[in-house]
Amino acid sequence: MTTTPASSDAGGLFVERTHLPFVVGAFVIALLGGFSLALALPIDALIKGVSLSWVEHAQVHGHLQAVGFAGFFIVGVSYRISPRFTASPLAHPRLVAPSFYLLGAGVLARFVGQPVANLEPFGALMAASGWLELAGVACFALITLTTISSARLRGDPTALLFSAGAVWFLVAALLNAVWLTELWLDDRTILAGDRGAAILLPLFFGVHLSFIFGVALRTFPVFFAATRSSLRPQQAAIALAQLGLLLATVAAVVDVAAGPRPWLLEASGLTLVGIALIWLTLFTGWWRSPIRLRPGSQPFALTLQLAMVWCVVAAALLIGASISAVGDGRAVEFATFDAVRHVIGLGVVTTAIVGMAQLILPEFAGERLRRPPGAWRGTGLALALAAATALRASARLFEDQLSFEAFHWLMSIAGTLALAVIVILAYYFWRALRGMRDIIQFTEERVRNVAPGRRAPPIDPRS
Ligand code: HEM
């Protein structure tokens, strides 16, 4: 096993910056793909109605958001924080760059290939996208599982959740690669609904939520000055989530492979996942005041608190829909899945990314040192995302009571709000990145100008 630091810069001020290409990639995909399509889809439906091409683009949007935006961010941040959580260097650092290029090429090939997959070579490109992503995810899983292996053996909840997340990422990527290849061989461009659902279950509940809770269980009790709960109950909640997700994923795969949909198995799995999610939020202390955060960082705590609120809402929707489906002797409806996916995708994942990025990325930490951000940024971005989540999910849940136009208008407003948040965050990230370069240059010059054996003069704060 190779265990040398992944990267270093000459300034020595911010040693590991492995996360940077992934975070920049996540912003680029979100701005040019995922969130732009989120806005374009409802507007296109209002102008032209829903067509085959609309459904292809909806699937591309979902994939860019789940694997491109959220996936890239998760991979980059976990490369940064796994070594810190476990006090051991990042394992297999030579696989970091391949994981970036393979995942990036896979997401790009899907973006370009799927909408025109009926023309060659785009069908082949769409199929190749799945295998490229699988190879990228395999590199990521190997790095993560090895880096955190000792913490996992100790039963550390964060390490257990990161490990589960890496394994579920492999499962989702494998299903995606196999079914995209079948799609290409059948000369079709749209994944059947049951296949899409079977890929998205492990992605949302296995990958996104595992990594978010992995970070939350470790950091939130510190931010919110909550008493850390003992290991056993946290491990039990994690095990319950894995059991529930396993049952629901098996039900979804059986539905694709053999049918009919084993709805009782699916509902039992989703109910267990819902209970486990509510249980996990109880270990974080999110309802307390963020007194341990510096005053300049406290407004960002609202994003973390709202992410937990939305997680409870998604869990309650899952439990309620599963119980009512069992009562009626049927499977959980598409509308519930779509609403829950967006409560999680926007309310939990995007909101947590917006908050955690500003709290834990070194670029934003450097910005806080130079010029503390206005309180509006934490509160404003959190509330805008909450409004977008409420509009996106309620449009779907109350679709029957809405006209076609009202339904898509609500989605367009939600899309505009969400895109605006990402544009603002990307701008501040870019500004923080430029500021960081100045700091590194300044430090390098200071070090260069000091004579051997002498100490550098004290820094003039005005510089
Ligand atoms: C306000 C922002 C958003 C809007 C307006 C929006 C809109 C849409 C629309 C119109 C669809 C198609 C639904 C259908 O098939 O009828 C969709 C599907 C989807 N969206 Fe979003 N979305 C948003 C944000 C997000 C985010 C942040 C994520 C994940 C992080 C996400 C993930 C998905 C997924 C996975 C699908 C399913 C794609 C498939 O069928 O394979 N969306 N979204």
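In listed order, ligands and their atoms are each counted from 1.
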Determine, using heavy atoms of [X] and all atoms of ligand 1, whether some pair is separated by less than 4.0 Å.
X	value
Trp54	yes
Phe69	no
Val349	no

State, to 0.1 Å, how close [X] and [Y] come at their nearest heavy-atom pair, and which atoms those are.
X	Y	answer
Leu317	Thr336	O-CG2, 4.2 Å
Phe224	Gln305	CE2-NE2, 3.4 Å
Ala138	Leu170	CA-CD2, 3.8 Å

- Query: Can you name the ring-ring contact (aromatic ring centres under 6.0 Å, His included) partners of Tyr101, sequence neighbours left out?
  - Reply: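 ring-ring contact (aromatic ring centres under 6.0 Å, His included) check on Tyr101 returns nothing, list empty.
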
- Task: Report the residues that fulfil ring-ring contact (aromatic ring centres under 6.0 Å, His included) with Phe364, sequence neighbours left out, ordered by chain and then residue number.
- Result: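 With neighbours one apart ignored, the set is Phe429.
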
- Item | Under the side-chain hydrogen bond (donor to acceptor under 3.5 Å, both in side chains) test, residues paired with Thr389 that sit two or more places apart |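 Here no residue qualifies.
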
- NZ/NE/NH1/NH2 to OD/OE distance under 4.0 Å, Arg392 and Asp338: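 Yes, Arg392 and Asp338 are salt-bridged.
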
Number the atoms of ligand 1 from 1 as they appear, then name those within less than 4.0 Å of a heavy atom of [X], with their elements.
X	answer
Met411	5 (C), 10 (C)
Thr350	27 (C)
Arg396	13 (C), 14 (C), 16 (O)
Ala414	1 (C)

- With heavy atoms under 4.0 Å as the rule, classify the contact between Phe337 and ligand 1 as side chain, backbone, both or neither.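 It is neither part, as no heavy atom is under 4.0 Å.
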
- Task: Just let me know how Val55 lines up against ligand 1, side chain, backbone, both or neither, with a heavy-atom cut-off below 4.0 Å.
- Result: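 Neither part.
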
- Message: Could you check whether Trp131 and Thr181, counting side-chain N and O atoms only, form a donor-acceptor pair closer than 3.5 Å?
- Response: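 Indeed, the side chains of Thr181 and Trp131 share at least one donor-acceptor pair under 3.5 Å.
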
- Item | Nearest neighbour of atom 41 (O) of ligand 1 from the list Glu399, Arg195, Gln59, His57, on a heavy-atom basis |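 Nearest heavy atom to atom 41 (O) of ligand 1 lies in Gln59.
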
- Side-chain (Ser82) to main-chain (Ser78) donor-acceptor, under 3.5 angstrom: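 Between the backbone of Ser78 and the side chain of Ser82 there is a qualifying donor-acceptor contact (under 3.5 Å).
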
- Cut-off under 2.8 Å, centre atom 21 (Fe) of ligand 1, protein N/O/S atoms: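 As for protein N, O or S atoms lying under 2.8 Å from atom 21 (Fe) of ligand 1, they are His61 NE2, His342 NE2.
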
- Message: Contact between Arg17 and Arg80 at the side-chain level, heavy atoms closer than 4.5 Å - yes or no?
- Response: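 Answer no - side chains too far apart.
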
- Message: Counting C-beta onward and ignoring hydrogens, is there a side-chain heavy-atom pair between Val312 and Leu277 closer than 4.5 Å?
- Response: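 Not touching, per the 4.5 Å side-chain cut-off.
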
- Query: Which protein non-hydrogen atom lies closest to atom 15 (O) of ligand 1, naming both residue and atom, and how far is it?
  - Reply: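 Protein heavy atom at minimum distance: Phe334 CZ, 3.9 Å.
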
